[in-house]
Amino acid sequence: MPNKYKEYQQLNLPAISQEILAKWEAERAFERSVELRAGATPFVFYEGPPSANGMPGIHHVISRTLKDLVCRYKTMKGFQVKRKGGWDTHGLPVELGVEKMLGITKEDIGKKISIAEYNETCRREVLKYKDKWDELTRRMGYWVDLKEPYITFQNEYIETLWWILNELYNKDLLYESVSIQPYSPAAGTGLSSHELNQPGTYKDVKDTSAVVMFKAIRNKESEFLFKAAAAGAEIFFMAWTTTPWTLPSNLGLTVGPNIDYVLVKTFNPYTHLPINIVLAKALVSKYFKPEGENIDPEGYKEGDKLLPWTVLAECKGKDLEECRYEQLLPYEANAPEKAGGDPFRVILGDFVTTEDGTGIVHTAPAFGADDFKVGKKYNIGILVMVDRQGKFIDGLGEFSNRYVKNYKDDPQYVDVNVDISVKLKKENRAFKIEKYEHNYPHCWRTDKPILYYPLDAWFIRTTALKDRMVELNKTINWKPRSTGEGRFGNWLENMVDWNLSRSRYWGTPLPIWRTEDGKEEICIGSIAALRAELDKSVKAGLMPPPVGDDVEKYIQKLTSDLHKPFVDEIIFVSPGGKPMRRVPDLIDVWFDSGAMPYAQWHFPFENIDTFAQNYPADFIAEGVDQTRGWFYTLHALAALLKESIHEKLKASGVPAADLERLYPGIAYKTVVSNGLVLDKNGNKMSKRLGNVVDPFKTIGDFGADATRWYLITNASPWDSMKFDIDGIKETQRKFFGTLYNTYQFFALYANVDGFNFQEAYVPLKDRPEIDRWILSSLNTLIAKVGAGLDDYEPTVAGRLIEDFVDEHLSNWYVRLSRRRFWKGDYGHDKLCAYQTLYECLETVARLMAPVSPFFADWLFCNLNSATGRNKAASIHHTDFPEADESVIDVPLEERMQLAQDASSLVLSLRKKVNIKVRQPLQKVLIPVLNPGMKHQLEKVEDLVKAEVNVKELQYLSDGDGFIKKKIKPNFIALGKKLGSKMKAVSTALGAFSQEDIAKLEKEGIYTLSIESEPLILKINEVEITSEDIPGWVVAGKDTLTVALDVTVTPELAREGNAREFVNRIQKIRKDNGYELTDRILVKVADVPALKDSLTQFNDYICSEILADSIELVAELANGTEIEVNDILLKVFVSKKA
RNA sequence: AGAUCCGUAGCUCAGCCUGGUUAGAGCACUACACUGAUAAUGUAGGGGUCAGCAGUUCAAAUCUGCUCGGGUCUACCA
């Protein structure tokens, strides 16, 4: 007894997922899929480590599907694809989660809870949802090695990070500097860029903005201004600020070197005193009305709305350089000598615009990054008049100790910015004070405005390698290309040094120790180096081991966890004999993940060969939000470390000649960045809106296959996708339903006939046209799907598979071949049909395996368990199909398309005249334009006739005089040649008579007269179609036109009745629940109107309904009443014993 | 503010790179068929100023520029 194909009641995708998952786990299918490729060329994939302290969402399903399908595809293509998993474990999200859980703030750490306890909690909490992640990984069918993942908090991992930092340090790429950073006075902490990018951080707020006047001092540089003004007049530089609290810290005024400025004579609108002010020419209209220009200033008096104004002089910004001005708000605390530079000068900066303000930028180096930079360049010094609580320091008169913003939620708070503005107004130093609405960053935790504040920080000098990074980026295959060239390329072009410092607790400590005076410093690059230094320090008596403790053990213990606070307890001794303590900073977590190519293998301390084989990655994929995150840090570190890597690899035996070629300084060769997943209305998913899709529920309801297929085929992965459950339902029904039906159909009949693919493979030439056609289409599909996946275009590939299954396989091949499966003996034709359909199903399963791994394996196993054709236990251990060019027959595919079109047209005609398909008709007329077309049609004639139920196909050619032809220009061919004459030719062709067309066809050329010039038209420069057959109802598509003979002769009507009768009996068979192979007995109550039909087509009817005979009886007592083309009759059907 | 992606039927998307004269598919809706795959299928119908404006061209959904709307990323904004 041969094995049967499994048959099912209905499609249950979640059940299939579960069944296959259990099989995979029992058979270690994933591990096997890697082992089976041992020795093969590796395809290197890097897993971007997720942070397991949050729940996975549906957006993780799409990026992981993308990763998984590429890895599965490459495995099937013969590569060995190891996928080492990983966990990102450090950083702010974890810390915040812990603080929330414990109900503490950052300030409590070290007080209410020890740092050791705190970090221990972080270590525990960070993998809080690991089980959920693992479950998602399993259930969605993401194959990744989670048995030996890299974990960023492990000592070995950190040791590699230290090695990297030390390499950078030694190459002078790691340095410390003061920089202006976002700082939250309310929270008392600096904010990372990550924090600043929390949703809702930037808010529109109304602040008091002030246009203030800095009084110019007459000197060599400003002489030209004073000369232009009246003798003894005061001249002011006008500057705008939305943060008046920074004015006491003002030390400079920055102008754009190429911006035009003017000196304007006018009045102060508040004090009404005559003034002369300097501002950008382009912004004059913002402060002055045109009708006020050059009117007599004598007439101006208090209360006048219209300010008179006159331009006295004009100059470029660079002409103002080095002008000096009086300090605006002088106090004890901000005395000029305290600035530590040469302040109160006009300086030049490229960042100045004339978009708003006055074109002159008030510059307080302490509170703006641009200010700091330009201030440093001109040595104007720095004044920090605000402390870290966000209040003015002592010595600022009436403003001393006042908060610059309401950080404490004080209901009595009086805005100091208003008071400053009022004071300036009174002192004739303000030109305009108003509320100004702008976008300003806020601390996402306290909801209070942040300020920019000078803080010490460590940087990586990425800008030193900028050119290299830009060049190398051009060698990376970005999907989509625009992200690499645009978003990422621009980011590289505008790169700034990487601020590594974080003042937190749970992260990788910066391995730099220094003496208190900062003169001696050491960077540690390994645990061995750490121990060596410790050893020295113990010997010097700086770190005495506890009494009775073994020194070796003591050192071992101290170095067993490189986190805070333990690492901070370590004190070194400097060469000068002084104690050295670690600098307090931790490093940016993005450094952790960017270093994963090295740290995951504990390079260079071990696994140098493994690393060498797994670097760089062939492929990585993450969400587009990682462009400036992981994609950047990977790229930056690869570029920075190029030489260090070469050194290590050279030392381990990699030939010098190969180094540049194999390790050009990139971390990945191809990167796919997928877009966001939005809800079905296009809104971002957020817990707040309650539109978050639970991936577990989705996969539970629809199975992983339909979910994955939908996510991949609905839109290109890099477009943001609108996630709609109805879309998954459609996928399930349309694609999986159709494919399942096709399998079910196959299994049904293959089981009846006992087809197990034991017979020899029937050569293609011996198979019928339709089989050769579907196999040709199949191979065309293989080629296109392979090309699509090679090009990282899974959406294109998936859609091609869908189209094939739906349009070609199910709705044409199977539909037209149905009879071949159930009719007649198990002979040659049946064998061909089974072999062909089997091959299609098996191949489709393999093509879809990367995207929908469960269903594909299920289909494969169902087929394979009956035939044993393949030794592999899983489809994921087989090879991806290769297209066989010799099977592809383009003319065959074309004529089948012709047949499909012709059938569709005939059916539409039948519809139009309301003649059902079951009623045979005599003939279809098809005008043929050339012998080739006729030839093609003849080969598919039988298919068309069967499909549309007509007796004959008649071809009409010119000679018959039936066809009416139509001509139009072939625009593509003629366009270049004719250019502007195109329209005239088009018109001329429109006026062609049938004779003209015939002449052109006969002679091959035709001479037109266009604008009195002769123009020779060749036959291939026009398109001739037949659009009409006079006297017939026709339908047409492209160059194909069909006409249908709709006459139902009595002969045809009898046949139609017979077919209708068969149909009714079949229905009864089915209602009675007979097996397909049961034979039956039929009795019919004699009806004159049908007698002829039943007699004439007796044989046909009997063979169709598996009856030995049809017995016509006069009376039928217990028959079933049926209706055949409006004729009522009674029949009795019984199973033959 | 800059960069980038997107805007085609009620909905989801093809087509655009490489311009060519009736702009396609699926879903949904309506009607009618078919049915020995049947919770499947076919045919037909309605539904589009291809976001808008301008330009290049004989010809623009397609190329260019600008504008508008939506998303994302980045940002030191005075």
Side-chain angles (χ1 to χ4, degrees), chain A residues 10-11 180 182 193 196-197 202 209 239-243 246 254 351-353 355-358 360-364 367-373 438-441 452 480 482-483 485-491 494 623-625 627-629 675-676 678 680 682-684 713-716 718-722 724 726-727 729-730 733-734 737-738 740-746 748-749 796 799 802-803 806 810-811 814-815 818-819 821-823 904 907-908 910-912 914 916-918 968-975 978-986 1063 1066-1067 1069-1070 1076 1104-1105:
Chain A
Q10 65 171 31
L11 176 64
I180 308 301
S193 56
L196 218 51
N197 279 302
Y202 280 85
S209 76
W240 177 61
T241 181
T242 54
T243 51
T246 59
T254 309
F351 58 89
V352 180
T353 66
E355 303 265 309
D356 42 25
T358 63
I360 300 178
V361 177
H362 141 61
T363 304
F367 304 117
D370 277 333
D371 301 34
F372 181 77
K373 221 160 74 189
H438 63 153
N439 206 239
Y440 198 81
Y452 290 89
S482 59
T483 301
E485 284 173 359
R487 186 181 284 209
F488 196 66
N490 281 311
W491 167 252
N494 300 316
V624 69
D625 51 327
T627 307
R628 269 82 179 246
L676 288 212
L678 309 170
K680 66 174 180 179
N683 298 312
K684 202 173 174 176
T713 57
N714 182 60
S716 283
W718 31 88
D719 290 340
S720 55
M721 80 129 31
K722 292 179 190 164
D724 188 358
D726 287 338
K729 287 182 189 160
E730 189 180 326
R733 200 175 61 238
K734 265 315 270 175
T738 305
Y740 159 83
N741 264 331
T742 307
Y743 165 76
Q744 187 70 8
F745 173 86
F746 168 82
L748 188 65
Y749 294 107
V796 173
R799 285 173 176 170
E802 265 176 8
D803 289 348
D806 186 35
S810 170
N811 283 321
V814 172
R815 198 153 57 85
R818 272 180 299 198
R819 293 177 73 85
F821 289 88
W822 49 262
K823 197 98 195 325
S904 159
L907 289 172
S908 79
R910 273 182 173 274
K911 159 77 192 162
K912 221 172 250 172
N914 233 337
K916 54 178 72 170
V917 179
R918 219 181 281 122
K968 70 174 184 185
N970 178 345
F971 286 97
I972 298 171
L974 276 176
L978 294 179
S980 58
K981 290 179 191 154
M982 198 73 186
K983 265 189 182 138
V985 172
S986 190
N1063 170 254
Q1066 300 290 26
K1067 199 159 193 161
R1069 277 186 67 114
K1070 198 169 179 187
L1076 293 181
E1104 286 294 314
I1105 62 175

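What you see is a predicted model; the values in this text were computed from it and never measured.
Rounded to the nearest Å, the gap between the C1' atom of B/C29 and that of B/A37 is 26 Å. Spacing of C1' atoms, B/G26 relative to B/G2, comes out at 39 Å, to the nearest Å. Taking the C1' atom of each, B/U8 and B/A14 are spaced 10 Å apart, rounded to whole Å. For B/G10 and B/A3, the P atoms lie 33 Å apart once the distance is rounded to whole Å. To the nearest whole angstrom, the two C1' atoms, one in B/A51 and one in B/G7, are 6 Å apart. Between B/U18 and B/G36, the two C1' atoms lie 49 Å apart (nearest whole Å). A distance of about 22 Å separates the C1' atoms of B/U56 and B/G15, rounded to the whole Å.
The interatomic distance linking A/N714 (CG) with B/C6 (P) rounds to 15 Å, in whole Å. Whole-Å rounding puts the A/N1063 CG to B/A33 C1' distance at 12 Å. The interatomic distance linking A/D726 (CG) with B/G10 (C1') rounds to 14 Å, in whole Å. When the P atom of B/G26 is taken as reference, atom CD of A/E802 falls 12 Å away, rounded to whole Å. Between the NZ atom of A/K734 and the P atom of B/A37 there is a distance of 18 Å, rounded to whole Å. Remark: P of B/G42 and CG of A/N811 are 5 Å apart, rounded to the nearest angstrom. The distance from atom CG of A/N741 to atom C1' of B/U41 is 10 Å, rounded to the nearest whole Å. Following rounding to the nearest Å, A/R799 (CZ) and B/G26 (P) show an atom-to-atom distance of 14 Å.
For B/C53, the paired nucleotide is B/G65, the pair qualifying as Watson-Crick or G-U wobble because both relevant distances are below 3.5 Å. Shown here, B/G46 forms no base pair; nothing in the strands shown gives a Watson-Crick or G-U wobble contact with both key distances under 3.5 Å. Pairing of B/G20, defined by two Watson-Crick or G-U wobble distances under 3.5 Å, is identified with B/C58. Figure legend. B/A25 is base-paired to B/U12; pairs are counted as Watson-Crick or G-U wobble with both atom distances under 3.5 Å. Nucleotide B/A1 is matched to B/U74 when pairs are restricted to Watson-Crick or G-U wobble geometry with both distances under 3.5 angstrom.
Although no hydrogens or angles enter the test, the distance criterion places a donor-acceptor pair under 3.5 Å between the side chain of A/R818 and the main chain of A/R815. Proximity of a side-chain donor or acceptor of A/T243 to a complementary backbone N or O of A/T241 within less than 3.5 Å is not detected.
In plain terms, the two heavy atoms of A/F367 and A/Y452 that are nearest each other are CD2-O, 3.0 Å.
Base engagement by A/Q1066 is indicated by at least one non-hydrogen atom pair under 4.0 Å involving a base atom. Counting any heavy atom pair closer than 4.0 Å across all strands shown, A/T254 reaches no nucleic acid atom. Residue A/R818 is in base contact, counting any heavy-atom pair closer than 4.0 Å across all strands shown.
Nearest-nucleotide positions on RNA chain B place A/I1105 closer to the 5' end than the other of A/W240 and A/I1105. Nucleotides of RNA chain B nearest to A/T241 and A/Q10 differ in position, and the one nearer the 5' end is that of A/Q10.
Comparing B/A78, B/A37, B/C27 by their nearest atom to the side chain of A/F745 picks out B/A37. For A/E730, whose side chain is taken as the heavy atoms from C-beta onward, the closest listed nucleotide among B/C77, B/U41, B/C27 is B/C27.
Taking 3.5 Å as the limit, the base of B/A78 and the side chain of A/T363 contain no donor-acceptor pair of atoms between them.
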